Structures are given as C-alpha cells and as structure tokens.
Asker: 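The structure that follows is given in the form of structure tokens.
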Amino acid sequence: MKFIQSNIKKAKKYLDNNHCIAVPTETVYGLAANAYSNSAVKKIFSLKKRPLNNPLIVHYYDIQRLRKDCDINDNLVKLYKKFSPGPITYVLKLKDNSKISKFVTNNKKSIAVRFPNHKLFRNLLKNLDYPVAAPSANISSRLSSVKPSDVKEEFGSKIKYILNGGKSKIGVESTILNLLEKPSLLRYGGLDTKKIENVLKKKLLININSKKKLSPGLFPLHYSPGIPLRVNVKKPKKDEAYLLIKKRKSKLKNHYYLSKVKNIKEAAKNLYSTLRKIKNDGFKKIAVETIPNKGLGKTINDRLKRASKYS
Ligand code: TXA
Ligand code: MG
C-alpha cells in the first residue's frame with residue numbers, strides 16, 4: 001500500500017508540473033495531462049501524433065467536481081447514478097467560464113467527460129485540483145494499450161512515467177453518448193448499449209459514423225495492429241494468423257483465441273492484447289472468424305472493422 005501511495009504521489013507531481021504520463025483505467029490506459037493547462041494538453045497531441053481537431057475525453061473524480069465545467073442535465077444524472085464510475089463517456093455542454101483548455105475541445109462548446117473506475121486513477125484524481133484529459137495511450141490510429149508494457153511499446157522512452165495499475169479489466173474503450181440533445185451513441189464501447197437503453201427507457205439513436213463529424217476521432221482506420229486484417233473469415237490462408245472467439249481443441253500454431261469458453265466480455269478484454277501478440281509473434285496478416293454481433297460483440301466488431309481498413 002505504501003508503495004502504491006508513493007507511485008500516486010509521483011504521478012501527481014508529474015501532472016502538477018504539466019507533464020504527460022500514462023495512467024491505468026478499467027477500459028484502456030490513458031495518456032494523461034492537466035486538462036486546465038494549454039501546455040500540458042498540447043503535449044498529449046504531439047506524443048500521440050494526434051490531429052488537433054480531434055477532441056479529448058476529460059476524466060473527473062465525481063459529478064460534484066464536474067459542475068464547475070459543465071451543464072448537468074437529467075439524462076446525465078440518471079446514467080451517472082447507474083453506471084459511473086465506469087466505462088461510459090458523456091458529451092455535454094461546456095460552461096462559458098470553464099477553465100478547460102481550448103485544445104481539449106478543439107475550441108468547441110461541447111466536451112466529452114468520464115468518471116473512470118480504477119482504484120489508482122480514482123485515488124490520483126481525488127488528490128488533484130484539476131480534471132485530467134486522457135485519450136487512449138497509443139499512437140493515433142493504432143491499438144490501444146491495456147498494460148504498461150503496451151504503453152512502452154507505443155512510446156518508448158518518450159513517456160515520462162507510467163502509473164502501473166495492472167491489466168485493464170474491460171480492455172476496450174468507453175461507450176460514448178451524446179447528451180447534448182436526444183441521447184445518441186457516438187462509439188460502441190465497454191458498456192453494453194442495451195443496459196443504457198434500459199435505464200433511459202428508450203432506444204438510442206446510433207450516430208457512430210456521423211457525417212456531422214461530431215466525433216472526429218472515429219476515422220474509418222483505427223485500432224490497427226499495423227498489419228492487414230480480414231474479418232468474417234471461415235478459412236484462413238496459410239500465412240495468416242487466425243483469430244477465434246473460442247479456444248479449439250486443435251492446437252495449430254497460427255490459431256489464437258479471445259476466450260476459453262465463448263464469453264464475449266472475456267473476448268473484449270483480450271482483444272487488443274491478442275492482436276498485439278499476433279503482431280509481435282511475427283505474423284504479417286490476420287484473419288478473424290465471425291464474432292457474434294450481440295452485447296460487447298458489437299464493440300469488438302466495430303474495432304475489427306476499423307482495423308480492417310489497414311492496407
Ligand atoms: O475508455 C476511454 O474512453 C479511454 C480512456 C483512457 O478513458 N479514452 C479514449 O480516448 O478512448 P480517445 O481519445 O482515444 O477516444 C475519445 C473519442 C475520440 O473518438 C474523440 O473524437 C471523441 O472521443 N470525443 C472527444 N471529445 C468529444 C466531443 N466533445 N464530442 C464528441 N466526441 C468527442
Ligand atoms: Mg483512442
């Protein structure tokens with residue numbers, strides 16, 4: 001415990017000095033900086049090689065602290081009570097007098113916010129005087145990181161500090177909702193949309209490929225291991241790694257599986273680490289079998305479809 005506290009202190013010191021560090025969350029690791037500081041936030045964009053027009057998610061300890069920066073609405077309160085802290089991000093109206101850096105939101109009047117559910121990160125947030133901007137800790141368009149060694153693989157010595165919180169429990173990014181108007185889905189993620197619909201007692205509008213570019217980060221190519229990937233494959237080619245939802249009895253060298261039994265949550269948790277492993281094992285191509293499009297299967301399929309745009 002003492003060890004953990006001293007790591008949190010270290011992380012706080014870096015953030016207080018407007019540096020950019022990696023932090024663990026229950027979804028994926030984040031590349032974190034003081035959301036009120038222009039210079040700190042700019043470091044995120046340059047480290048990640050992210051275009052400045054792609055806004056960042058800001059992480060808060062609780063809704064009390066959010067009130068300074070955002071207008072709170074009824075849908076937010078309903079969903080917050082049920083799902084936060086947890087893998088859900090809300091797009092809300094930014095207050096005029098908020099101190100959020102204009103680089104976080106690309107100078108817009110809306111902001112994406114989230115309350116992460118990881119003990120270490122929550123402990124850190126509680127001790128800070130500012131919220132934390134944090135995109136996923138990966139180079140733009142590549143695979144997100146779910147453990148410290150992934151972050152090192154992405155950024156090498158360029159990253160000043162990684163707060164080690166073990167492997168992310170959910171393994172895919174948060175589900176993003178636009179709450180500025182009628183609730184709509186901007187990104188499939190770690191929280192099943194059915195559960196959200198049950199709380200709102202209505203169907204969500206699906207806006208994941210919005211032409212309005214509400215979520216400019218949702219480029220067609222994303223979440224890529226950096227090698228070609230095909231989906232819905234029944235018979236892989238000889239030189240392809242074959243990614244399966246469930247372990248098979250046959251132990252072919254090119255077979256990789258996402259879950260021991262057919263468990264979609266376990267599959268989501270293992271998605272990025274397995275894709276990373278396939279690449280690190282030296283394969284140059286990946287074929288993926290059909291993943292059931294239900295629950296978190298929708299999130300897995302969204303990520304795989306975007307990864308398949310690599311060429
Ligand atoms: O689970 C997560 O959400 C992780 C962890 C670290 O919290 N973060 C994450 O951030 O996935 P990032 O930057 O990799 O993805 C955030 C997405 C981007 O597609 C971005 O365009 C969108 O959220 N976004 C950010 N601010 C927005 C806003 N104001 N309106 C609409 N979309 C926004
Ligand atoms: Mg990302």
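Because the structure is predicted, anything quoted here is derived from the model rather than measured. Just follow the structure's listing: the first ligand is 1, and inside any ligand the first atom is 1.
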Asker: Does some non-hydrogen atom of Thr105 fall short of 4.0 Å from ligand 1?
Answerer: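 No, Thr105 has no heavy atom closer than 4.0 Å to ligand 1.
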Asker: Determine the interplanar angle of the Tyr272 and Tyr223 rings, folded into 0 to 90°, and report it as parallel if under 30°, tilted if 30 to 60°, perpendicular if over 60°.
Answerer: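 Parallel, since the angle between the ring planes stays under 30°.
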Asker: Check whether any N, O or S atom of Ser136 sits under 2.8 Å from the Mg ion (ligand 2).
Answerer: yes
Asker: Considering only heavy atoms, does Ala134 approach ligand 1 within less than 4.0 Å through its side chain, its backbone, both, or neither?
Answerer: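 Looking at Ala134 and ligand 1, just backbone atoms fall under 4.0 Å.
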Asker: Applying a 4.0 Å heavy-atom criterion (strictly less than), which segment of His59 is in contact with ligand 1: side chain, backbone, both, or neither?
Answerer: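 The side chain, only.
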Asker: Is it true that Tyr60 and Arg114 share a donor-acceptor pair across their side chains at a distance under 3.5 Å?
Answerer: no
Asker: Who's closest to atom 5 (C) of ligand 1 heavy-atom-wise, of Thr27, Asn106, Val23, Leu94?
Answerer: Thr27
Asker: So Ser174 and Arg187, side-chain hydrogen bond (donor to acceptor under 3.5 Å, both in side chains) or not? Walk me through it.
Answerer: CA-CA 8 Å; Ser174 60; Arg187 176 174 76 184; 3.2 Å; yes
Asker: What part of Arg50, side chain, backbone, both or neither, has a heavy atom within less than 4.0 angstrom of ligand 1?
Answerer: side chain
Asker: Which residue is it: Arg276, Lys147, Lys49? I am looking for the one with a salt bridge (charged side-chain N to carboxylate O under 4.0 Å, His left out) to Glu154.
Answerer: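 Per the salt bridge (charged side-chain N to carboxylate O under 4.0 Å, His left out) rule, the option paired with Glu154 is Arg276, out of Arg276, Lys147, Lys49.
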Asker: Any donor-acceptor pair under 3.5 Å linking the side-chain atoms of Thr27 with those of Lys169?
Answerer: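 No, because no side-chain N or O of Lys169 sits under 3.5 Å from a partner of the opposite role on Thr27.
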Asker: May I ask whether Arg187 places a heavy atom under 4.0 Å from ligand 1?
Answerer: yes
Asker: Tell me, please: is Pro116 in heavy-atom contact with ligand 1, that is, under 4.0 Å?
Answerer: no
Asker: Using the rule salt bridge (charged side-chain N to carboxylate O under 4.0 Å, His left out), only one of Arg230, Arg248, Lys246, Lys235 pairs with Glu289; which is it?
Answerer: Arg248
Asker: Give yes or no for whether the N/O distance cutoff of 3.5 Å, strictly under, is met between Thr25 and ligand 1.
Answerer: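 The answer is no, given that Thr25 and ligand 1 share no N or O pair closer than 3.5 Å.
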Asker: Report the part of Asn178 in contact with ligand 1, treating N, CA, C, O as backbone and CB onward as side chain, heavy atoms under 4.0 Å; options are side chain, backbone, both, neither.
Answerer: neither
Asker: Could you walk me through whether Asn138 and Arg142 pass the side-chain hydrogen bond (donor to acceptor under 3.5 Å, both in side chains) test, one step at a time?
Answerer: CA-CA 6 Å; Asn138 54 278; Arg142 293 302 173 90; over 6 Å; no
Asker: I'd like to check whether Glu173 has a polar contact with ligand 1, where a contact means an N/O of the residue lying under 3.5 Å from an N/O of the ligand.
Answerer: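 Such a contact does not occur with ligand 1.
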Asker: With under 30° as parallel and over 60° as perpendicular, where do the rings of Phe283 and Tyr256 fit, or are they tilted in between?
Answerer: perpendicular
